[in-house]
Amino acid sequence: MGESGPEVRLAGRIESWRPKGKVVFGHLEDESGRIQVYLRSDQLGDRWALAELLDLDDCIGVAGRLMRTRAGEVTVRASAVELLAKSLRPLPRGKREVLEDGTVRDHGGVADPEFRYRQRYADLAVHPEVREAFRLRTRIVARIRHLLDGAGFLEVETPILQPLYGGAAARPFVTHHNALDMSLYLRIADELYLKRLIVGGFERVYEIGHDFRNEGMDRSHNPEFTMLELYQAYADYGDMMGLAETLVTDLVRMVSGGLTLTRDGVTLDFTPPFARVRFVEGIRQGSGLDVLEAPEATLRERLVQAGRPADEVAGFTGGKLLDEMFGTFLEPRLIQPTFVVDYPKPISPLAKEHRADPRLTERFELFVQGRELANAFSELNDPDDQRSRFEEQGHHRAAGDEEAQPFDADYIRALEYGMPPTGGMGIGIDRLVMLLADQDSIRDVILFPALRPETA
RNA sequence: GCGCCGCUAGCUCAAUUGGCAGAGCAAGUGACUCUUAAUCACUAGGUUGUAGGUUCGAUUCCUACGCGGCGCACCA
């Protein structure tokens, strides 16, 4: 029982508090951990009056010598104490009681997910494992920056408020600029601005930022989310596949120390090269049909056979029909890391025509656990082809497709100056973090997920 | 947007077929100078998510609304 260790000063939040007559034992916690403090009336003098007023969750500072209790715990024997911040509202701390027979009884703690998301500050304050998940998120993003910077990529910032939105198929949020008296859109993608920078001579650029999509919310969709987009001149989608493998395997190694992750009882193997399956061939394997050859009526019949409601299927045509075939017959099987390659042209309006088949584009998406992690292509750099693809989108739009992309004349003008052949890729950071941090809900990797306002 | 489930004290949860709404932790008061779920005694805490309806009587049954979770749709 050491009585006179070194003198220390420390501050923290009161995590436990056990007054016992003229002494009190408690634990202080801060980001670095927790330590026991021991306050005695005979050592604190007139400060003892303050000690008697302290409560759980107050933030205090103490000074004193380190000692060891009879139980052997390193403890600060306080010679001074001060209040740094008062807690007026108890944190929802759980207490775990271990009874003599070994059964465990929990008291309190937060079970209500709404409480955790709405009052994330309290969730973080009482759950070290939640803090750890968000630290991991930051390490993942930092590691991605490190890798891209090391590969010669330039991190840039492009407009979030855009007069025209584009680069993806989604409905935008609309806002209004008062001084200009005009509508602006919150970006749904960075794509078209980043490719303008390729025209400008930056040959490797990337941006990590929020995109905004006015769509439904569920456990893999938040209205604002974090996207990595990168573009590399004089590269194609094959190079992007290599880069995707490099990034993903590096991150898997960082979190697991190896090349596998176990999720939902399944061992995911990230040993490169990842599996590759052609879009058309993969759907043929699942459905027996070639989506580029078979009549649309035949494809619709096949969907109904597979259990899709007939009245719903009746409305599917063109790109929508292709998406549905993919979602029904191929996507659910993509558990192990898999590149789906060579998407049909109608569902890839910004991707370059395939060098071997004009019906296809040089595009891939990376899937893991049936979820899309990355989307990449050889970028369409022919302004005339891009113009006609935009015009095609315009027809879809006129036909009522709200997610068809608007015609961007300035982007065509940029391409007319000549954009070098370019490979580009987008990676949804939130979903990547979900995979790496083993979280099932996007709300568990976003600090303040979108919620409806609280009612009084 | 649709469907299912949930909402009781600051937190976690009870409450028989509809019959006075309770407990643990947290809070307050008192006792206790090596505690760690501290212990012991006492006290306070509620328009049972909101608004209606049925009923002698509603936490419980019905309707609408709000918020959340899950699933579907949409999408990344």
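Throughout, a chain's letter reflects where its sequence line sits, starting with A, and its residues are numbered from 1. Values in this document were obtained by computation on a predicted structure and should not be read as measured data.
Mapping A:Gly26 and A:Phe115 onto RNA chain B by nearest heavy atom places A:Phe115 at the nucleotide closer to the 5' end. Mapping A:Arg213 and A:Thr75 onto RNA chain B via the closest heavy atom, the residue that lands nearer the 5' end is A:Thr75.
Side chain of A:Arg308 to main chain of A:Thr328: no donor-acceptor pair is present (N/O by atom type, distance under 3.5 Å, no hydrogens or angles). A:Ser378 places a side-chain N or O within 3.5 Å of a backbone atom of A:Tyr237 that can act as its donor or acceptor partner.
Counting heavy atoms of neighbouring residues, nucleotides and ligands inside a 6.0 Å radius, atom CZ of A:Arg171 does not exceed 12 of them. Residue A:Glu391 qualifies as enclosed at atom CD: its count of foreign heavy atoms under 6.0 Å is above 12.
Proximity note for A:Thr69 (side chain, C-beta onward) versus B:U12, B:C34, B:A27: the nearest is B:C34. Listed candidates were B:U33, B:A76, B:A73. Nearest to the side chain of A:Tyr38 is B:U33. Of the candidate nucleotides B:U36, B:U33, B:G68, B:U33 has the atom nearest to the side chain of A:Lys22. The side chain of A:Arg443 sits closest to B:C70 out of B:C70, B:A26, B:G68. The side chain of A:Arg452 sits closest to B:C67 out of B:C67, B:U33, B:U36. Among the nucleotides B:U33, B:A27, B:A38, the one closest to the side chain of A:Leu56 is B:A27. Of the candidate nucleotides B:C70, B:U12, B:G68, B:C70 has the atom lying nearest to any side-chain atom of A:Arg219. Checking B:C67, B:A27, B:C34 against every side-chain atom of A:Met67, the shortest atom distance belongs to B:C34. Residue A:Phe25 places its side chain closer to B:C34 than to any other of B:A76, B:C34, B:A26. Checked against B:C32, B:C74, B:A76, the side chain of A:Lys20 finds its nearest nucleotide in B:C32.
Separation of the P atoms belonging to B:U16 and B:G22 is 13 Å when rounded to the nearest angstrom. The gap from the P atom of B:U43 to that of B:A23 amounts to 11 Å, rounded to the nearest Å. A distance of about 15 Å separates the P atoms of B:U50 and B:C67, rounded to the whole Å. B:A37 and B:A31: their P atoms are spaced 25 Å apart (whole Å). A gap of 31 Å separates the P atoms of B:C56 and B:C4, to the nearest Å. If you take atom P in B:U36 and the same atom in B:C25, they sit 14 Å apart, rounded to whole Å. Here the separation of B:C7 from B:U48, taken at their P atoms, is 14 Å to the nearest Å. To the nearest whole angstrom, the two C1' atoms, one in B:A9 and one in B:G49, are 15 Å apart.
Here A:Asn222 lies in heavy-atom contact (under 4.0 Å) with a base. Across all strands shown, A:Arg371 has no heavy atoms under 4.0 Å from either base or sugar-phosphate atoms. Here A:Glu324 lies in heavy-atom contact (under 4.0 Å) with sugar-phosphate atoms only. Across all strands, A:Gln36 comes closer than 4.0 Å to base atoms (heavy-atom distances). Using a 4.0 Å heavy-atom distance criterion, A:Ala168 is classed as making no nucleic acid contact. Contacts of A:Gly428 with the nucleic acid, taken as non-hydrogen atoms under 4.0 Å apart, are absent. Nucleic acid contact class of A:Leu373 (heavy atoms, under 4.0 Å, all strands): none. Nucleic acid contact class of A:Asp42 (heavy atoms, under 4.0 Å, all strands): base. Counting any heavy atom pair closer than 4.0 Å across all strands shown, A:Asp55 reaches sugar-phosphate atoms only and no base atom.
Checking B:C34 for Watson-Crick or G-U wobble geometry (two distances, each under 3.5 Å) identifies no partner in any strand. Remark: B:G57 base-pairs with no nucleotide; criterion is Watson-Crick or G-U wobble with both hydrogen-bond distances under 3.5 Å. Pairing partner, B:C70: B:G3, with both Watson-Crick or wobble hydrogen-bond distances short of 3.5 Å. Nucleotide B:U47: unpaired (no Watson-Crick or G-U wobble partner with both distances less than 3.5 Å). Base pairing of B:A23: its partner is B:U12, meeting the Watson-Crick or G-U wobble criterion (both donor-acceptor distances under 3.5 Å).
Residue A:Arg18 places at least one side-chain N or O under 4.0 Å from the OP1 or OP2 atom of B:A38.
Per the geometry, CG belonging to A:Asn214 stands 14 Å off C1' belonging to B:A76, to the nearest Å. Between the CG atom of A:Asp311 and the P atom of B:C72 there is a distance of 18 Å, given to the nearest Å. Rounding to whole angstrom units, CD of residue A:Glu191 and C1' of B:A76 are separated by 13 Å. One can place CZ of A:Arg68 at 17 Å from P of B:U35, the figure rounded to the nearest angstrom. In this structure, CD of A:Glu312 is placed 16 Å from P of B:C2, rounded to the nearest angstrom. Between the CZ atom of A:Arg70 and the C1' atom of B:U33 there is a distance of 10 Å, rounded to whole Å. Taking atom CG of A:Leu54 as the reference point, atom P of B:A27 lies 12 Å away to the nearest angstrom. The CE-C1' distance, from A:Met434 to B:A76, rounds to 11 Å in whole Å.
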Test side-chain hydrogen bond (donor to acceptor under 3.5 Å, both in side chains) on A:Glu224 and A:His210 and set out the steps. CA-CA 6 Å; A:Glu224 64 178 297; A:His210 279 200; 2.6 Å; yes
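Judged by atom type and distance alone, A:Glu73 does not reach the base of B:U35 through any side-chain donor-acceptor pair under 3.5 Å.
With centroids closer than 5.5 Å and planes inclined by less than 30 degrees as the test, A:Phe225 and the base of B:A76 pass as a stacked pair.
Atom-to-atom distance recorded for A:Leu360:CG and A:Leu292:CG is 6.0 Å, nearest 0.5 angstrom. A distance of 9.5 Å separates CG in A:Leu39 from OG in A:Ser79, rounded to the nearest 0.5 Å.
When all heavy atoms of A:Glu296 and A:Gly318 are compared, the pair lying nearest together is OE2-N, 2.9 Å.
Judged purely by distance below 3.5 Å, without hydrogens or angles, the side chains of A:Gln36 and A:Tyr38 never pair a donor atom with an acceptor atom.
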